[in-house]
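Whatever order the structure lists them in is the order used to number ligands and atoms, beginning at 1. Every heavy atom of this structure was used, including side-chain atoms; hydrogens, water molecules and symmetry mates were not.
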Amino acid sequence: MSDLKNQEQKIKLVILGLENAGKTSILDLLKQKTEVTLRKPPDMYPTKGVERRSLFQGKIMVWDLGGQEVYRNDYLANPESYFKEISFCYYVVDIQDYYRLAISTMYFMGVFNLIKRYSPDARIVLLFHKMDPDYNPSTRNLKEIFLEKIEPFMQNNDTSFMSYDTTIFDLNSIKTAFSKEVLQLAKLLD
Ligand SMILES: Nc1nc2c(ncn2[C@@H]2O[C@H](COP(=O)(O)OP(=O)(O)OP(=O)(O)O)[C@@H](O)[C@H]2O)c(=O)[nH]1
Ligand SMILES: [Mg+2]
């Protein structure tokens, strides 16, 4: 397992996706220990570049990569600064954002190529987010459309991935997406 540790003996997890996808909200929920009942999505500020924070008793170092276009372009143009030594790559898709699904798909492909190059052993996890209990898509399910686009690409690269449906209105959906993937590994490092 030693190759999974970086110099600070921490596992590096990156979370990426377009702006407004819900990345920071997900991390905020994970950080708090108690269940909260949300009536409406909280007001959030866009993340400016990369915000690093630790999770799971400090065992995991999370890089929250703000998704505004200016930052996305920087990550893709300077991959060595962001994509090295990653153990987990979480990619968040806003399944309520019909108009920007194509951009999100393209961004994912760009991210995926760089992960394969700089952190080939990273585990890739897709979060189909904003799957709110009362959400009723009038158009086709965006999750299916996204998967149809990327699956052939992933198969060509012989890469497996996991995906989870998540929403901030169900803390368990978020906990599951992380605990199944990450906690087992964190335990191994005890
Ligand atoms: N309906 C709904 N809204 C959500 C959910 N998760 C987050 N939001 C809302 O989505 C908006 C954006 O959330 P953020 O967490 O700031 O998104 P982000 O991906 O960190 O955005 P950047 O920092 O700009 O990359 C906020 O208004 C959140 O309250 C969810 O599961 N359902
Ligand atoms: Mg953010």
Side-chain angles (χ1 to χ4, degrees), residues 12-55 60-79 81-83 86 88-112 114-115 124-139 141-147 150 162-182:
K12 177 174 168 185
L13 181 156
V14 291
I15 182 162
L16 301 115
L18 296 187
E19 69 273 29
N20 205 52
K23 302 177 291 297
T24 307
S25 307
I26 290 170
L27 297 178
D28 284 352
L29 267 191
L30 266 185
K31 193 102 188 170
Q32 62 194 39
K33 307 240 157 62
T34 50
E35 183 87 41
V36 283
T37 311
L38 294 169
R39 296 230 170 80
K40 67 176 194 58
D43 294 332
M44 302 286 294
Y45 294 104
T47 307
K48 293 183 177 152
V50 182
E51 271 175 21
R52 295 179 183 83
R53 52 169 129 177
S54 62
L55 271 183
I60 312 280
M61 181 53 69
V62 178
W63 293 34
D64 177 2
L65 277 80
Q68 291 189 328
E69 189 176 8
V70 55
Y71 305 126
R72 279 188 265 131
N73 290 341
D74 178 46
Y75 311 143
L76 299 179
N78 301 291
S81 304
Y82 304 100
F83 290 96
I86 294 171
F88 294 92
C89 174
Y90 275 71
Y91 189 86
V92 182
V93 184
D94 176 350
I95 56 95
Q96 298 194 19
D97 190 355
Y98 182 82
Y99 293 102
R100 290 189 312 158
L101 188 74
I103 300 174
S104 184
T105 312
M106 268 167 26
Y107 183 41
F108 174 77
M109 306 269 198
V111 165
F112 175 82
L114 293 171
I115 293 279
I124 294 175
V125 183
L126 294 174
L127 300 187
F128 292 106
H129 189 56
K130 304 197 185 178
M131 229 25 121
D132 303 347
D134 61 354
Y135 180 62
N136 213 341
S138 51
T139 48
N141 188 330
L142 298 200
K143 172 180 170 179
E144 279 171 32
I145 301 174
F146 187 92
L147 284 173
I150 66 141
M162 279 301 293
S163 76
Y164 297 89
D165 295 350
T166 53
T167 169
I168 52 169
F169 295 103
D170 176 7
L171 179 58
N172 256 343
S173 70
I174 289 170
K175 277 190 173 162
T176 303
F178 282 82
S179 59
K180 280 214 172 135
E181 300 294 325
V182 179

Between [X] and [Y], which heavy-atom pair has the shortest distance, and what is it?
X    : Y    : value
F169 : P133 : CB-CD, 3.9 Å
I86  : C89  : CG2-N, 4.2 Å
T47  : Y71  : O-CE1, 3.4 Å

Counting only N and O atoms by type, is there a donor-acceptor contact under 3.5 Å from the side chain of K12 to the main-chain atoms of F83?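 Checking the backbone N and O of F83 against the side chain of K12, no donor-acceptor pair under 3.5 Å is found.
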Kindly say whether K175 contributes a backbone atom to a donor-acceptor pair with the side chain of S179 at under 3.5 angstrom?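 Checking the backbone N and O of K175 against the side chain of S179, a donor-acceptor pair under 3.5 Å is found.
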To which protein heavy atom is [atom] closest, and what is the distance rounded to 0.1 Å?
atom                    : value
atom 19 (O) of ligand 1 : K23 NZ, 2.7 Å
atom 31 (O) of ligand 1 : I168 N, 2.8 Å
atom 12 (C) of ligand 1 : N20 OD1, 3.0 Å
atom 7 (C) of ligand 1  : S25 OG, 3.4 Å

May I ask you to check whether [X] has an N/O atom sitting below 3.5 Å from an N/O atom of ligand 1?
X    : result
D132 : yes
Q68  : no
D43  : no
G22  : yes
T24  : yes
G17  : no

Among the heavy atoms of P42, does any lie under 4.0 Å from an atom of ligand 1?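 P42: in contact with ligand 1 (<4.0 Å).
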Side chains of K31 and L55 in contact at under 4.5 Å (non-hydrogen atoms):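 With C-beta onward as the side chain, the pair touches.
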Any carboxylate oxygen within less than 4.0 angstrom of a Lys/Arg side-chain nitrogen, looking at K23 and E51?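 No, no charged N to carboxylate O under 4.0 Å.
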Regarding T47, does it place an N, O or S atom less than 2.8 Å from the Mg ion (ligand 2)?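 Given the 2.8 Å cut-off, T47 counts as a ligand of the Mg ion (ligand 2).
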Looking at the Mg ion (ligand 2), is one of the N, O or S atoms of T24 less than 2.8 Å from it?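 Within the cut-off used here (under 2.8 Å), T24 does place an N, O or S atom near the Mg ion (ligand 2).
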Distance-only donor-acceptor check, side chains Y164 and E181, under 3.5 Å: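 A donor-acceptor contact under 3.5 Å links the two side chains.
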Take Y82 and V14 through the side-chain contact (heavy atoms from CB on, under 4.5 Å) test and state the conclusion after the steps. CA-CA 9 Å; Y82 304 100; V14 291; over 6 Å; no
Which of the numbered atoms in ligand 1 are under 4.0 angstrom from any heavy atom belonging to [X]?
X    : value
G66  : 25 (O)
G67  : 22 (P), 25 (O)
T167 : 31 (O)
P46  : 23 (O), 24 (O)

Which bit of M44 gets closer than 4.0 Å to ligand 1, counting heavy atoms only: side chain, backbone, both or neither?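 Contact part for M44 vs ligand 1: side chain (C-beta onward).
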Compute the ring centroids of Y91 and F112, then answer whether they are less than 6.0 Å apart.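 No - the distance between ring centres of Y91 and F112 does not fall below the 6.0 Å cut-off.
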If hydrogens are left out, which of E51, H129, K130, Q96 has an atom nearest to atom 6 (N) of ligand 1, that is, the closest non-hydrogen atom?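 Selected option, by shortest heavy-atom distance: H129.
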State whether the number of non-hydrogen atoms from other residues, nucleotides or ligands found under 6.0 Å of D43 atom CG is greater than 12.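 Check fails, neighbour count at 12 or below.
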Option from D94, V93, I168 for which side chain to side chain contact (heavy atoms under 4.5 Å, CB included) with H129 holds: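 With H129 as partner, side chain to side chain contact (heavy atoms under 4.5 Å, CB included) holds for just one option, I168.
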